[in-house]
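Report on the following structure.
The figures here come from the full heavy-atom set of this structure, side chains too, leaving out hydrogens, waters and symmetry mates.
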Amino acid sequence: MEPFKLFDAEFKFVNIIWDHEPVNSTELAKICLQALGWKKSTTYNMIRKLTERGILRSENATVMAVVKREQVQKYESEVLLEKAFDGSLPSFLAAFLKDKKLSKEEAADIKKMIEEAAK
């Protein structure tokens with residue numbers, strides 16, 4: 001299995017960890033009850049599962065992400081680009097921007113990113 005592939009529930013869970021890390025597992029279970037409606041056992045099972053896959057690290061009841069948010073975002077965006085747009089970034093941008101209005105700041109930021117990537 002790809003190291004950065006997260007299913008929807010896993011992604012929501014890891015997002016909570018990214019937002020609170022390092023986080024005590026008991027506190028994490030309380031947060032997951034509020035945010036996701038999960039029982040403590042569900043949270044602990046998810047910690048175990050993602051620790052076994054190398055996504056999380058759990059030591060002395062403290063949970064931290066091994067994989068960073070940016071790594072997962074990069075992986076997921078590459079999968080989407082390949083799957084839905086045959087790897088064509090211009091096709092993705094055309095579909096994404098269709099009927100969408102950008103602010104001048106957003107357009108300038110995107111232009112800067114493209115210029116940096118073209119170097």
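Summarising the geometry, atom CD1 belonging to Ile47 is positioned 11.0 Å from atom OG1 belonging to Thr42; distances are rounded to the nearest 0.5 Å. The distance from atom CG of Asp109 to atom OG of Ser103, rounded to the nearest 0.5 Å, is 7.5 Å. In this structure, NE2 on His20 lies 4.0 Å from CD1 on Ile31, to the nearest 0.5 angstrom.
No side-chain heavy atom of Phe11 sits under 4.5 Å from any side-chain heavy atom of Glu76. Using a 4.5 Å cut-off on side-chain heavy atoms (C-beta onward), Arg53 and Glu10 make contact. Residues Phe92 and Leu80 meet the side-chain proximity criterion, which asks for heavy atoms closer than 4.5 Å. Counting only heavy atoms from C-beta outward, the side chains of Phe13 and Leu56 approach each other to under 4.5 Å. Here the side chains of Leu28 and Glu21 are not in contact, with every heavy-atom distance at 4.5 Å or above.
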Derivation of the side chain to side chain contact (heavy atoms under 4.5 Å, CB included) call for Gln71 and Lys74: CA-CA 5 Å; Gln71 291 173 294; Lys74 183 176 185 303; 5.9 Å; no

From CA spacing to verdict: side chain to side chain contact (heavy atoms under 4.5 Å, CB included), Val72, Val14: CA-CA 10 Å; Val72 173; Val14 175; 5.9 Å; no

Verdict with reasoning, Leu6 to Leu50, per side chain to side chain contact (heavy atoms under 4.5 Å, CB included): CA-CA 9 Å; Leu6 295 174; Leu50 294 178; 4.3 Å; yes

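Within the 3.5 Å criterion, the main-chain N or O of Thr26 finds a donor-acceptor partner in the side chain of Asn24.
Figure legend: Lys5 and Phe7 shown as a cation-pi pair, the cationic atom lying under 6.0 angstrom from the six-membered ring centre and within 45 degrees of its axis. Cation-pi geometry between Lys40 and Tyr44 is not met at under 6.0 angstrom from the ring centre and within 45 degrees of the axis.
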